[in-house]
Amino acid sequence: MPLHTQEAERLEPNEDPINYNFIDYSEKRSLPISIPDYHYLDRRGERFVVFNIYMAGRHLCSRRYREFSQLHENLKKDFVGFSYPKLPGKWPFTLSEQQLDSRRRGLEQYLEKVCAVRVIAESDIMQEFLTDTDEDQANLSPIDLKVLLPDREVVTVSVKKNATTDQVYAAVVEKIKMRKDVAKFFALFEIVEYNFERKLQPNEFPHNLYTQNYSTATATCLAIRKWLFSINKELALSSDDQATTFIFWQAIDEVNRGHIRADERLYQLKALQDSSKKHKYLELARELPGYGELVFPHCACDSRKEGHVVAAISTNCFKLHACKEDGTLVGQTVEFPWSNITQSDLEEEGMAFAFQYQKPNKNPRWVKIFTPYFVFMRDCFDRILEESKWPQE
């Protein structure tokens, strides 16, 4: 006796893509997405409105109404069965400012509701909508980037969406009126993990980093940090108040992170933790172990079979502190004087930085460090080499 269709499907599930029961719409996430305003664009003789989309106060992109409408249609095809909020209606006539603001609020509510569902918010469709770059629009429509300064102030610069690191940094330097000869000792960094900042490559696109940092609600993931290892050159900057102020606040951060080890002198530093006493603070801090070191997050190393290492770079040497896999330091520290390091290399596929060292009367050996920041580690090595060639102050 033949099976009924319903019974057959229960034994052998239908593989038609319209079967959407496996999609879990119950898992929610909180995304601080908003559309606070809109602006007009003129392109090829056409004038139209674009709505500015922000995430945690960061400008992601600007989209036309018809792009929202297309997003809605695309989502309905991929996420069948989801109860979508209503999209503001289409209107064939020119809208008044009041009507445009009403449409803005409706589009904002739409995004808030669909992005609250994790599976939709993390879908390729939504990611492309929030990050896809229209080159014409990128050239016409500037976006605002917020950048954290070392003194904890946040500065906003207006740049093109496709502006490079160098272009964004130049805009910040101009905005804060930093001297050009001082600017080369600071750089644009990305705030990442474990109280760590990564120097951006010259041709990266800082705006793209905004869309990769949805999980944080901080004002920005971009920061200006000192890009200098030489203490002598740092002392030569003492006559510039802005540079000294920035170095002072960064030193406070390094003390708070434990990278500068104050120990029993911590109370003296706390007493000097005022901008008016910055020269005294730095004078004391420079005497302490760890000052001027750039410390990387813990990672694996081929010379350590069990556990991880914490790498630290300074003008004196390259250090590897032994630690557990959770980053807890253990006793052993190996120091490699720069005179013993003969060469270095990158392994892109393995995400590793490798260097060769040679002790007197010993054969050369390679050490490989597996870190996602291998390119930045190489940059630090190159910077140390560059600074070693600078004339002495």
Side-chain angles (χ1 to χ4, degrees), residues 164-166 185 187-205 208-209 212 225-231 233 254 257-259 289-390:
T164 64
T165 297
D166 284 350
F185 303 115
L188 188 64
F189 285 68
E190 178 194 10
I191 303 167
V192 284
E193 58 177 337
Y194 305 116
N195 289 321
F196 179 69
E197 294 87 15
R198 172 188 72 90
K199 182 179 177 291
L200 299 187
Q201 295 296 298
N203 293 320
E204 282 191 74
F205 301 105
N208 291 349
L209 298 174
Q212 299 167 12
R225 305 288 288 181
K226 181 178 68 173
W227 181 227
L228 178 66
F229 292 95
S230 168
I231 303 300
K233 177 59 72 174
E254 298 300 325
R257 296 174 184 183
H259 295 164
Y291 187 88
E293 289 186 354
L294 199 155
V295 182
F296 282 76
H298 67 90
C299 61
C301 176
D302 67 349
S303 66
R304 183 166 166 76
K305 302 306 180 187
E306 294 183 5
H308 282 182
V309 296
V310 173
I313 298 176
S314 71
T315 54
N316 296 325
C317 63
F318 180 54
K319 291 181 186 176
L320 292 178
H321 302 271
C323 69
K324 298 179 181 178
E325 289 191 6
D326 63 0
T328 305
L329 294 176
V330 295
Q332 186 183 12
T333 299
V334 180
E335 297 187 0
F336 301 91
W338 293 109
S339 57
N340 288 356
I341 296 177
T342 54
Q343 57 180 310
S344 62
D345 200 5
L346 296 180
E347 286 195 9
E348 305 258 352
E349 289 186 8
M351 294 182 67
F353 172 77
F355 69 95
Q356 186 187 64
Y357 73 97
Q358 185 171 15
K359 294 181 179 179
N361 304 316
K362 299 284 186 178
N363 291 326
R365 292 186 58 184
W366 281 93
V367 176
K368 194 178 294 184
I369 302 168
F370 301 93
T371 170
Y373 310 112
F374 61 101
V375 175
F376 179 39
M377 191 171 283
R378 173 66 175 270
D379 284 348
C380 292
F381 268 56
D382 291 345
R383 182 69 172 189
I384 291 285
L385 179 62
E386 178 189 348
E387 292 185 13
S388 70
K389 298 175 181 176
W390 290 348

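- The CG atom of Leu200 lies 6.0 Å from the CG atom of Leu209; values are rounded to the nearest 0.5 Å.
- With sequence neighbours excluded, no residue satisfies salt bridge (Lys or Arg N to Asp or Glu O under 4.0 Å) with Lys199.
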Open item on the list: Would Thr342 and Phe355 count as a side chain to side chain contact (heavy atoms under 4.5 Å, CB included) here? Give the steps.
Closed with: CA-CA 8 Å; Thr342 54; Phe355 69 95; over 6 Å; no

Task: Intermediate values then yes/no, side chain to side chain contact (heavy atoms under 4.5 Å, CB included), Phe353 and Leu346 - done: CA-CA 5 Å; Phe353 172 77; Leu346 296 180; 3.8 Å; yes

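- A 4.5 Å side-chain heavy-atom check between Lys233 and Trp390 finds at least one atom pair inside the cut-off.
- Legend: residues meeting side chain to side chain donor-acceptor pair (under 3.5 Å) with Thr328, ordered by chain and number and at least two apart, are Asp326.
- Closest heavy-atom contact between Arg304 and Cys323: NH2-O, 3.2 Å.
- In plain terms, the two heavy atoms of Ala352 and Phe370 that are nearest each other are CB-CD2, 3.7 Å.
- Here salt bridge (charged side-chain N to carboxylate O under 4.0 Å, His left out) pairs that include residues 289-302, with residues two or more places apart or in two chains, are Glu293-Lys319.
- Proximity of a side-chain donor or acceptor of Ser344 to a complementary backbone N or O of Ala354 within less than 3.5 Å is not detected.
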Determine all donor-acceptor pairs shorter than 3.5 Å in which one atom belongs to a side chain in residues 380-387; sequence neighbours excluded.
| unit_1 | atom_1 | unit_2 | atom_2 | d |
| --- | --- | --- | --- | --- |
| Arg383 | NE | Trp227 | O | 3.4 |
| Arg383 | NE | Glu387 | OE2 | 3.2 |
| Arg383 | NH2 | Lys184 | O | 3.3 |
| Arg383 | NH2 | Trp227 | O | 2.8 |
| Glu387 | OE1 | Phe229 | N | 3.3 |
| Glu387 | OE1 | Ser230 | N | 2.8 |
| Glu387 | OE2 | Phe229 | N | 3.0 |

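- Glu197 pairs by the salt bridge (Lys or Arg N to Asp or Glu O under 4.0 Å) definition with Arg225, Arg257, not counting sequence neighbours.
- Listed here is the closest heavy atom pair of Ala311 and Met377: CB-CE, 3.9 Å.
- Aromatic ring orientation, Phe296 versus Phe376: tilted (interplanar angle from 30° to 60°).
- Partners of Asn361 by side chain to side chain donor-acceptor pair (under 3.5 Å), not counting sequence neighbours: none found.
- The shortest side-chain heavy-atom distance between Leu320 and Val310 does not fall under the 4.5 Å cut-off.
- By the salt bridge (Lys or Arg N to Asp or Glu O under 4.0 Å) test, Glu204 is found to be paired with Arg198, residues two or more places apart in sequence or in another chain being considered.
- In this structure the side chain of Thr371 never reaches within 4.5 angstrom of the side chain of Pro297, judged on heavy atoms.
- Glu306 is linked by a side-chain contact (heavy atoms from CB on, under 4.5 Å) to nothing, counting only residues two or more places apart in sequence or in another chain.
- Taking the side chain to side chain donor-acceptor pair (under 3.5 Å) definition, one finds that Gln358 meets it with nothing, sequence neighbours left out.
- When side chains are defined from C-beta on, Ile369 counts as touching Cys299, because their heavy atoms get closer than 4.5 Å.
- Summarising the geometry of Phe189 relative to Lys226, their closest heavy-atom pair is CZ-O, 3.9 Å, with the distance given to 0.1 Å.
- Evaluation of the side chain to side chain donor-acceptor pair (under 3.5 Å) rule for Tyr373 yields Glu193 as partners, not counting sequence neighbours.
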Between side-chain atoms of residues 329-340 and protein atoms elsewhere (two or more places apart, or another chain), which donor-acceptor pairs fall under 3.5 Å?
| unit_1 | atom_1 | unit_2 | atom_2 | d |
| --- | --- | --- | --- | --- |
| Thr333 | OG1 | His321 | ND1 | 3.1 |
| Trp338 | NE1 | Ser314 | O | 2.8 |
| Trp338 | NE1 | Thr315 | O | 3.4 |

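- Atom CD in Gln343 sits 14.0 Å away from atom OH in Tyr357 (nearest 0.5 Å).
- For Lys368, the salt bridge (Lys or Arg N to Asp or Glu O under 4.0 Å) partners are Glu347, not counting sequence neighbours.
- Rounded to the nearest 0.5 Å, atoms CD1 (Ile313) and CZ (Phe318) are 5.0 Å apart.
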